[in-house]
Amino acid sequence: MKSLTTESASCVDEAAASERLPLLPVVGASTQVPLVDGTSRTYANLDYAASAPALETVAARVTEVLPLYASVHRGAGYLSQVSTALYEASRQAVGRFVGAREDDVTIITRNTTDSLNLLAGVVPAAADGAPGRVLVLDSEHHANLLPWAHGAGREATVVGIAATVAGTLDVLATELAARPYALVAVTGASNVTGEALPLEDVVRIAHAAGARVAVDGAQLIPHRRFSLADSGVDYVAFSGHKAYAPFGAGVLVGRRDWLDGGTPYLAGGGAVRDVRADRTLWQPAPARHEAGSPNVIGAVALAEACEALAALPDGALAAHEEVLRARLVEGLEALDGVEVVRIWPDSHDPVGVVTFTVAGHDPGLVAAYLAAEYGIGVRDGRFCAHPLLSRLGASSGAIRASVGVGTPGEAVDRLIAGLAAYLAAGPRARYEVVDGCWTVVDDTRPLLAVHGLDSLTATAAQACGPAID
C-alpha cells in the first residue's frame with residue numbers, strides 16, 4: 001500500500017468521515033438497486049457532478065405548485081396570474097442567491113450550456129468593428145469552450161494553462177496585455193478535479209485590462225457560496241440539475257447592457273414588443289431572450305433549491321464536502337496503481353469532485369464493476385473536457401467520484417472498499433464491451449419495475465453514453 005500524503009492524512013479524521021450524515025435530505029436516498037449476485041444495496045450516488053438528486057424540499061414545492069400551473073405572461077385567468085407570479089418570484093430568488101447587483105438581469109435558460117451560448121451571442125463588437133474577442137483556457141468544460149470558439153460575430157483565443165495557479169494567472173495577464181479582449185470566460189470549479197483559479201484575482205486582472213469576466217458556475221454554485229456583487233464577476237451561468245433541482249432550468253445572471261443590446265437568443269413570442277411585416281421591436285432583457293413558453297416548474301424548483309442552500313449555516317456546505325473529499329482522496333491514494341488527478345498543486349479549497357485513474361485498467365470497466373457489484377454510481381470518460389484530460393495525461397479517460405449535500409460517509413467508504421477488492425481479486429461477474437460501453441454479460445437485473453423497461457441488457461449501452469464523452 002502507498003503511504004498517505006501529508007495533505008490527505010492531516011485533513012480528515014477517518015471515523016468522522018465514515019459517520020458523516022447527509023447535510024440535506026434528497027429524493028431517492030434510500031433507493032435499493034439490484035446487484036449481479038442477486039442481492040441489493042442502497043444506491044451510493046457519487047455522480048453529483050453530472051446531475052444531483054432533487055432535494056426533498058424541492059419535490060415538495062413542485063407538488064405544491066403543480067395544481068397552479070398555467071400559462072405565463074399571457075393569461076388573464078387566475079391561475080395564469082399565479083403562475084406568472086411564481087415564475088417572476090423564482091427569478092428574483094435565484095438572483096438573490098448569487099448576489100445579483102441592482103442592475104443585473106436574471107435570465108431563465110435550459111442549463112449552463114444554454115446560458116453560455118446565449119451570452120456568446122451578445123458579446124459586443126470592438127470599437128473598430130472587429131468581432132468581440134473572448135479569452136478562455138484549455139482547461140474548460142466544453143460548455144465554456146465551444147460556444148466561444150464556434151460562433152459568428154466574436155473571436156476566441158484559447159490559451160493553455162500553466163502548471164500552477166500563479167503561473168496560469170500570469171498567462172491570463174500576459175495575454176490580456178497583448179491585445180484587447182471583451183470577455184474572459186473561466187470555470188468557477190473544474191468538473192474534473194474540483195479545483196479553480198481564485199476568482200478575485202481573475203476579476204482584478206481582467207478588469208484592469210478592460211475585459212469583463214463570465215464564470216461557468218455549474219460546479220461552483222452547488223458547492224460554495226458565491227456573490228456577483230462581492231466577487232466583481234460580471235456574469236455567472238449555472239444549471240438547476242446540478243443544484244438539486246430537476247425539470248431542466250438553468251440561469252444566466254449578469255450585467256444588463258450587453259443583454260439588452262444583443263441579438264435575441266430565440267426569435268418568437270414573448271421576446272417582442274411589436275411585430276409588423278417590415279420590422280420587429282424587441283423587448284429588453286430578460287424577456288428579450290426568453291421567447292416561447294417558459295419552464296415555470298423548472299424555475300420554481302431551482303428557486304426552492306437555491307433558498308434551501310442559502311439557508312444552510314455559513315461554512316456548513318464546505319465543511320461537509322471537505323471531510324468527504326479528504327477521506328476520498330486519502331483512501332484512493334492508499335491504493336497501489338490509483339492516481340488522483342490534479343491540475344494545480346497550489347490550488348486551494350477544491351469542491352467535492354475527485355477524478356482518478358487506475359493504472360492498466362479501463363475506466364469504463366472499473367465504473368461498470370463498481371455499479372454492478374457494489375451499487376455505486378460514478379462517471380467514467382473524458383467528462384466533456386477533452387483538452388484538459390489530454391493535458392493531464394488521461395486522454396483515454398478516467399473515473400470521477402463527486403459528492404454533495406446528500407452524500408453520507410458510507411458511500412465514500414464503499415467506493416474505497418470496492419476499488420480495493422477490484423485491485424485484489426478482480427471482478428466477480430463477466431464484462432464485455434457493447435457499442436463501446438462495458439456491460440455485464442447476460443445481465444438480467446430488473447430496472448426497478450419502471451414501466452416500459454425490462455432489464456439492463458437492452459439499455460446498458462444507451463445508459464452509459466458515448467465512451468469518449
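- Residues L169 and V202 form a side-chain contact, since some pair of their non-hydrogen atoms from C-beta on lies under 4.5 Å apart.
- Here the side chains of L388 and F383 are not in contact, with every heavy-atom distance at 4.5 Å or above.
- Using a 4.5 Å cut-off on side-chain heavy atoms (C-beta onward), L423 and V358 make contact.
- Remark: of the listed residues V136, T168, L199, V203, L199 is the sole one forming a side-chain contact (heavy atoms from CB on, under 4.5 Å) with V186.
- In this structure, the side chains of L328 and L46 stay at 4.5 Å or more apart for every pair of heavy atoms.
- Side-chain atoms of R61 do not come within 3.5 Å of backbone N or O of V300 as any donor-acceptor pair.
- Taking CG of L118 as the reference point, atom CD of E290 lies at 9.0 Å (rounded to 0.5 Å).
- Scored by the side chain to side chain contact (heavy atoms under 4.5 Å, CB included) test, L35 finds D37, T39, R41 as partners (sequence neighbours excluded).
- In terms of modelled atom types and a separation under 3.5 Å, the side chain of H142 and the main chain of T113 share no donor-acceptor contact.
- In plain terms, the two heavy atoms of R212 and Y235 that are nearest each other are NH1-OH, 2.8 Å.
- Two residues are said to be in side-chain contact when any heavy atoms from C-beta on lie closer than 4.5 Å; D234 and W258 fail this criterion.
- Counting heavy atoms from C-beta outward, S347 and R342 have side chains that stay 4.5 Å or more apart.
- The line from CD of E307 to CG of L55 is 12.0 Å long, rounded to the nearest 0.5 Å.
- No donor-acceptor contact under 3.5 angstrom links the side chains of E321 and Y48, judged on distance only.
- Residues that satisfy the ring pair (Phe, Tyr, Trp, His ring centres under 6.0 Å) test with H361, not counting sequence neighbours, are Y422.
- Within 6.0 Å of OH on Y43 lie more than 12 heavy atoms contributed by other residues, nucleotides or ligands.
- In this structure, CG on L23 lies 5.5 Å from NE2 on H320, to the nearest 0.5 angstrom.
- Of the inter-residue distances, the one linking E410 atom CD with L21 atom CG reads 11.5 Å to the nearest 0.5 angstrom.
- Distance check, rounded to the nearest 0.5 Å: CG of N295 to CD1 of I108 gives 9.0 Å.
- The pair R327-D413 meets the salt-bridge criterion, with a side-chain N (NZ, NE, NH1 or NH2) lying under 4.0 Å from an Asp/Glu carboxylate O.
- Annotation: R225, atom CZ; neighbour count of heavy atoms from other residues, nucleotides and ligands within 6.0 Å is above 12.
- The list of salt bridge (Lys or Arg N to Asp or Glu O under 4.0 Å) pairs with a residue in residues 189-201, not counting sequence neighbours, reads D201-R204.
- The salt bridge (charged side-chain N to carboxylate O under 4.0 Å, His left out) test applied to D103 returns no partner, not counting sequence neighbours.
- Contact of the Y69 side chain with the V296 side chain is registered, since non-hydrogen atoms from C-beta on lie closer than 4.5 Å.
- In this structure, the separation between CG on L79 and CG on L68 is 6.0 Å, given to the nearest 0.5 Å.
- In this structure a side-chain-to-backbone donor-acceptor pair under 3.5 Å is missing from R256 to V105.
- Pairing each heavy atom of V251 with each of V94, the nearest pair is CG1-CG1, 3.8 Å.
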As a quick check of understanding, evaluate side-chain hydrogen bond (donor to acceptor under 3.5 Å, both in side chains) for Y181 and T157, giving each step before the final call. CA-CA 9 Å; Y181 282 90; T157 299; 3.0 Å; yes
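- Listed by chain and number, the residues in a side chain to side chain donor-acceptor pair (under 3.5 Å) with N45 amount to none (sequence neighbours excluded).
- Among residues two or more places apart in sequence or in another chain, the salt bridge (charged side-chain N to carboxylate O under 4.0 Å, His left out) test is passed with R400 by D47.
- No close placement of the F97 and F226 rings is indicated, their centers lying 6.0 Å or farther apart.
- Judged by distance alone, the side chain of R110 and the main-chain N or O of S239 form no donor-acceptor pair under 3.5 Å.
- Counting heavy atoms from C-beta on, the side chains of L116 and W148 come closer than 4.5 Å.
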